[in-house]
Amino acid sequence: MKDPNNTRNTAPRRGSPLWIYFVVVILLGVAAGGVAFSGLTADDLDALASTPVFWILGCFIIFGELRPIITPGSTENNGATTSTTFSFAALLYAGLPIAAALQAVAVITCGIFRGRTPHRIAFNVAQYTLSLAAAQLVLALFGDLATPTSLWVPDGADLAAIALAGAVYFICNDTLVSSAVALHERVSLVKALRWDLGYQVLVHLALLGLAPLMVIAMDRSAAFVPLIVLPFIAVYLNASVSVRREHQALHDGLTGLPNRKLLIVRTEEALAEARGAEKRSAEKLSAEQRGAAKLAPRAALAPRRRKAADPPRHRAGLFLLDLDRFKEVNDTLGHPTGDRLLQLVAHRLTHSVRPGDLVARLGGDEFAVLLPSVRDEAAAREVAARLRAALSEPVRLDGMSFDLEGSVGIALFPDHAPDFELLLQRADVAMYNAKEARSGVEIYSARKDRNSPARLSMLGDLRRAIDRSELELFYQPKVSLRDGQLVGMEALLRWRHPDKGILEPEAFLSVAEQTYLMRSITHHVVTNALAQAAAWWREDLTVQVAVNASGRDLFDTGLTETIEEGLLARGLPAAALQLEITERILMNEPAYASDTVGALAELGIPLSLDDFGTGYSSLVRLNRLPVEEIKIDSSFVGRLAESTEDAVIVRSIVDLARTLGLRSVAEGVEDPATARALREMGCDAAQGWHFGRPMDAEAATDWLRRHMQRAPEPAA
């Protein structure tokens, strides 16, 4: 299975350590192959051409190279090829020249078929040639040398020689490949060897162990050879199913990039390695200080102490990247083109980071980038700038050309957070700041983050609450003050906390508002509100359900898609849902001008301006907003009977709403006197405990049935 995060086809820079290593290995492989082929005679070639078993063997080697055995936890880059069995069998049966030639043909064929670059094909040919040559040297030490005219069939006494030759083949082959991987990924050789050593030992033990049996079968009759292949086919098919399932669990289905699960695993590995490196550095520094103290305590210790006070040198970085104006592509060119664009973005991001860095897709148009090692904030900014530069290159799809931009938030370990969850949360805060300030790239700053330890603890509980479905919607009616008709039901979020009971939004939403959790919460609210609205509409309780949207939601292009898909799936019109946006949020110019507000208006979703009177909106901006309703803040309504100033403010808002052709709704109406005063002022509707307290879905349904069965009457 191809890995979109694989950049091994990228040619190494000329003169780099990897380039030098490739050149050396390829030259050694050419030399080994030249020595081996120089010993071939005309009789050997005639014997080769006239023996069917070699042709059959060649086909199996090619097939084995094309179809590696990939088990869960591995990829095509480290999956073992069944060609190992057949090429090692050819080495035992007919000698190095035949085995190397057949393996080279298989590698070249596979490389062309899979689109591998020439440098990679040449390295693989040299790698196998050198490994087979090393095994041939071991066999030569035991006097077991075969040629096409002098075939060798081992017996029981030869098993020790074969086992040693197989071990040397494996060690040589794995070391050559791991060295290339280490240079490519910029890690130590020991780490590259450790990555999949257990897997490689186990699989190669089985593959190389079958080679002597293959030789015996070939010597008896070429007809027996296909029978040996049947177990390989069974193993390959079973392994392919397992790999496909694991790949789907750990990768994004559209782009093929790692998903959140795999990102967590890789980040934890990177953080553990950074902690270990920091610990080793501290131990080494401590040892140097102790040694220096013995020689010259005062003169030597002072500079060491200054060095120990420096910031940690071993850092890991986590980026969150969100595409700007991605919804324009979906709206203009359609979702299939949008999907192709996301695949193109995934490719650009993957090839804009260093080998060993990880690009993951978290959902929608949001991506994450893991830097297992990064020098400092300046280096992290350079990577982020490179990512944005790659995105900004013009894109041409379906005959249209347009530009892409992205906002990037950066959090570093251990500077900003000690673990994955906190890194992700703080990278999310930084990305939100970058989007809000339109700066493109922001590094996490504590002064821009309102979270405290208590809030972070609440954030962890809230994350688990989403997974456990502890978040629930209550509903409160909005009633017309003129005739008592139901105007709509506002969905109010509640958290059934296992220890603290039912919590209202004020207790937890402020924690989530600056984090990636806000997107999940909003989508949860919208999905459940639409499901409840659909249930009511099926009972002919045609009521509009209003949900609250946060400032963060106005930058989420996926919100409109969620609403649109939810309406279509449930057969609801756009008017069945209303979004309430607070006036304070729309005081922020970027929020006011966000694509989401316009997209919601185009979709036909009615918008309500909540908490009006607390944000000092300009009349020009208010007139341009695509809203149908103004909700008067309860702080004014609650003091209506006591404060003449508040009464003047409420009356002014009601008059303003009427002038602009908008509906006015008063919040927090708790007694008949306030309701009468509002009706006399000309206020259209109201909500509050006087008309109905927030109710769970079952109680709200009973309330709706009773209210809609009786004839409407003016609200008291």
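Rounded to the nearest 0.5 angstrom, Trp152 CH2 and Leu91 CG are separated by 9.0 Å. Rounding to the nearest 0.5 Å gives a distance of 7.5 Å between CG of Asn259 and CG of Asp252. Taken to the nearest 0.5 Å, the OG atom of Ser352 stands 13.0 Å off from the CZ atom of Arg388. We find the OG1-CG distance between Thr85 and Leu210 to be 5.0 Å, quoted to the nearest 0.5 Å. Atom OH of residue Tyr128 and atom SG of residue Cys172 lie 12.0 Å apart, to the nearest 0.5 angstrom. Rounded to the nearest 0.5 angstrom, Leu208 CG and Tyr169 OH are separated by 7.0 Å.
Closest heavy-atom contact between Pro372 and Ala316: O-CB, 3.6 Å. Across all their heavy atoms, Ala389 and Ser392 have their closest contact at O-OG, 2.8 Å. Pro154 and Val215 make their closest contact through CD-CG1, 3.6 Å (heavy atoms, listed as atom of the first residue, atom of the second, distance). In terms of heavy atoms, Ala165 sits closest to Ala135 at O-CB, 3.5 Å. Of all heavy-atom pairs between Ala146 and Leu92, the closest is CB-O, 3.5 Å. In terms of heavy-atom proximity, Ser87 sits nearest to Leu132 at O-CD2, 4.3 Å.
With a 4.5 Å cut-off on side-chain heavy atoms, Phe142 and Leu164 count as touching. Cys110 is listed as a side-chain neighbour of Arg116, based on a closest heavy-atom distance under 4.5 Å. Looking only at side-chain heavy atoms (C-beta outward), Leu387 and Val441 stay at 4.5 Å or farther from each other. Counting heavy atoms from C-beta on, the side chains of Ser373 and Arg315 never come closer than 4.5 Å. Residues Leu254 and Gln343 are in side-chain contact: their nearest non-hydrogen atoms beyond the backbone lie under 4.5 Å apart.
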Enumerate donor-acceptor pairs with a distance under 3.5 Å from any side-chain N or O in residues 17-28 to protein atoms, sequence neighbours excluded.
unit_1: Tyr21; atom_1: OH; unit_2: Leu176; atom_2: O; d: 2.7

For residues 29-38, run the donor-acceptor check on the side chains, cut-off 3.5 Å, and write out each pair with its distance to 0.1 Å, sequence neighbours left out.
unit_1: Ser38; atom_1: OG; unit_2: Gly34; atom_2: O; d: 3.4
unit_1: Ser38; atom_1: OG; unit_2: Val35; atom_2: O; d: 2.6

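Residues passing the side chain to side chain contact (heavy atoms under 4.5 Å, CB included) test with Leu362, sequence neighbours excluded: Arg260, Leu263, Leu320, Glu366, Ala368, Leu424. Taking Leu137 as the reference, nothing meets the side chain to side chain contact (heavy atoms under 4.5 Å, CB included) condition, with sequence neighbours excluded. For Gln136, there are no side chain to side chain donor-acceptor pair (under 3.5 Å) partners two or more places apart in sequence or in a different chain. Listed by chain and residue number, Lys191 satisfy the side chain to side chain donor-acceptor pair (under 3.5 Å) test with Glu273 (two or more places apart in sequence, or in another chain). Residues satisfying the side chain to side chain donor-acceptor pair (under 3.5 Å) criterion with Ser83, sequence neighbours excluded, are Glu65, Thr81. Taking Phe420 as the reference, nothing meets the ring-ring contact (aromatic ring centres under 6.0 Å, His included) condition, with sequence neighbours excluded. When the side chain to side chain contact (heavy atoms under 4.5 Å, CB included) test is applied to Leu391, the partners found at least two apart in sequence or on another chain are Leu321, Leu323, Val345, Leu349. Considering only residues two or more places apart in sequence or on other chains, Ala380 meets the side chain to side chain contact (heavy atoms under 4.5 Å, CB included) condition with Phe319, Val374, Ile410, Leu412.
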- Query: Between Gln127 and Ser179, is a side-chain contact (heavy atoms from CB on, under 4.5 Å) present by the stated rule, with each step listed?
  - Reply: CA-CA 11 Å; Gln127 152 211 335; Ser179 298; over 6 Å; no

- Message: One pair to check against side-chain contact (heavy atoms from CB on, under 4.5 Å): Ile162 and Phe88. What are the steps and the verdict?
- Response: CA-CA 10 Å; Ile162 294 173; Phe88 195 66; 4.1 Å; yes

- Derivation and outcome, side-chain contact (heavy atoms from CB on, under 4.5 Å), residues His251 and Leu262: CA-CA 7 Å; His251 291 78; Leu262 187 53; 3.7 Å; yes

- Task: Apply side-chain contact (heavy atoms from CB on, under 4.5 Å) to Ser178 and Leu189, showing your working.
- Result: CA-CA 7 Å; Ser178 297; Leu189 175 59; 4.0 Å; yes

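With Asn124 contributing its side chain and Ile121 its backbone, the two residues share no donor-acceptor pair below 3.5 Å. When atom types are taken as modelled, the side chain of His351 and the backbone of His347 share a donor-acceptor pair closer than 3.5 angstrom. Between the side chain of Arg348 and the backbone N or O of Glu393, at least one donor-acceptor pair lies under 3.5 Å. Between the Asp339 side chain and the Leu342 main chain, no donor and acceptor come within less than 3.5 Å of each other.
Exactly one of Leu358, Leu422, Leu423, Leu271 qualifies for a side-chain contact (heavy atoms from CB on, under 4.5 Å) with Leu318. That residue is Leu423.
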